[in-house]
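One structure below.
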Amino acid sequence: MALNLIMLGPPGAGKGTQAERFARTRGIPKISTGDILREAVHTGTDLGQRAKAVMDRGELVSDDIMIGVVEERLNRDDARSGFVLDGFPRTVPQAVALDRMLDGRDPLIVVDIRVPERELVRRLASRMICADCGANGAPGEIVCSHCGGQLVQRADDNVAVVLERLRIYNRQTKPLVDFYCTRSTFRSINGAQGTDSVAADLAAAIEAAGSSNGNLPGACA
Ligand code: AMP
């Protein structure tokens with residue numbers, strides 16, 4: 001059975017880090033819409049040119065564009081045996097479109113990573129990523145431990161844009177919890193812990209969601 005997983009949660013919750021790690025251990029692709037867009041901006045494609053200003057303001061790229069990008073990506077062969085989606089869906093119309101794309105495929109497992117807002121602002125304002133490969137830098141590192149590239153702050157990680165991204169998350173993306181929480185394959189985990197503890201909780205949540213066949217009482221609380 002294919003493992004089709006989406007990670008929900010606010011910016012800075014650790015979705016990217018956990019998605020990367022989980023996808024690597026399971027040998028399935030991690031599909032990050034933020035990474036796809038940053039790569040497009042970097043190489044100056046049509047998509048990148050259309051997305052750059054919107055991303056720099058911390059706003060969302062249009063549903064039509066994002067749905068097209070993800071649909072094309074999920075139809076590639078390597079996503080047939082499963083995938084981890086990071087950063088998509090971010091709006092209810094994107095979630096509705098994803099259900100349509102996955103019609104006839106194995107069930108979607110949804111994990112929501114919860115982190116208090118104070119902690120998110122602290123994490124985002126100090127986050128560094130590699131200018132070459134996009135990996136997150138560890139605290140105190142100057143160069144990327146994966147490729148030796150230079151660590152820089154993401155263009156949208158300054159405090160003003162971080163606050164705007166959190167505002168947009170609360171308005172447009174948080175409603176996805178209500179969209180998914182009645183499903184038996186929905187779980188939420190505590191993201192305000194060390195990376196290894198979150199990874200362990202994530203693996204357990206996915207295991208439980210994959211073998212469940214009834215609604216989880218209280219998941220919508
Ligand atoms: P992320 O790396 O997931 O934080 O995404 C960085 C930025 O890319 C976001 O602030 C949005 O501007 C844009 N973006 C990424 N994914 C989506 C999406 N699913 N829908 C709309 N915009 C997106």
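Worth knowing before you read on, the calculation uses all heavy atoms, side chains too, and leaves out hydrogens, waters and symmetry mates. Ligands are counted one by one from 1 in listed order, and the atoms in each one are counted from 1 as well.
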Report every pair formed by an N or O atom of ligand 1 and a protein N or O atom separated by less than 3.5 Å, giving atom names and the distance to 0.1 Å.
from: ligand 1; atom 1: 2 (O); to: Arg38; atom 2: NH1; distance (Å): 2.9
from: ligand 1; atom 1: 2 (O); to: Arg38; atom 2: NH2; distance (Å): 3.0
from: ligand 1; atom 1: 2 (O); to: Arg154; atom 2: NH1; distance (Å): 3.3
from: ligand 1; atom 1: 2 (O); to: Arg154; atom 2: NH2; distance (Å): 3.4
from: ligand 1; atom 1: 3 (O); to: Arg90; atom 2: NH1; distance (Å): 3.1
from: ligand 1; atom 1: 3 (O); to: Arg90; atom 2: NH2; distance (Å): 3.1
from: ligand 1; atom 1: 4 (O); to: Arg90; atom 2: NH2; distance (Å): 3.1
from: ligand 1; atom 1: 4 (O); to: Arg154; atom 2: NH2; distance (Å): 3.1
from: ligand 1; atom 1: 5 (O); to: Arg90; atom 2: NH2; distance (Å): 3.4
from: ligand 1; atom 1: 12 (O); to: Glu59; atom 2: O; distance (Å): 2.5
from: ligand 1; atom 1: 16 (N); to: Thr33; atom 2: OG1; distance (Å): 2.8
from: ligand 1; atom 1: 16 (N); to: Gly87; atom 2: O; distance (Å): 3.4
from: ligand 1; atom 1: 16 (N); to: Arg90; atom 2: NH1; distance (Å): 3.1
from: ligand 1; atom 1: 19 (N); to: Gly87; atom 2: O; distance (Å): 2.9
from: ligand 1; atom 1: 19 (N); to: Gln94; atom 2: OE1; distance (Å): 3.0
from: ligand 1; atom 1: 20 (N); to: Gln94; atom 2: NE2; distance (Å): 3.0
from: ligand 1; atom 1: 22 (N); to: Val61; atom 2: N; distance (Å): 3.1

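At a threshold of 4.5 Å between non-hydrogen side-chain atoms, the residues Ile31 and Val70 do not count as touching.
The line from CE of Met7 to OG1 of Thr17 is 8.5 Å long, rounded to the nearest 0.5 Å.
No side-chain donor from either of Asn136 and Glu20 sits under 3.5 Å from a side-chain acceptor of the other.
Members clustered with Leu60: Ile168, by chain and number, using a 4.5 Å side-chain heavy-atom cutoff among hydrophobic residues.
For residues 188-200, the salt bridge (charged side-chain N to carboxylate O under 4.0 Å, His left out) pairs, not counting sequence neighbours, are Arg21-Asp196. Evaluation of the salt bridge (charged side-chain N to carboxylate O under 4.0 Å, His left out) test over residues 127-142, restricted to residues two or more places apart or in two chains, returns Arg127-Asp157.
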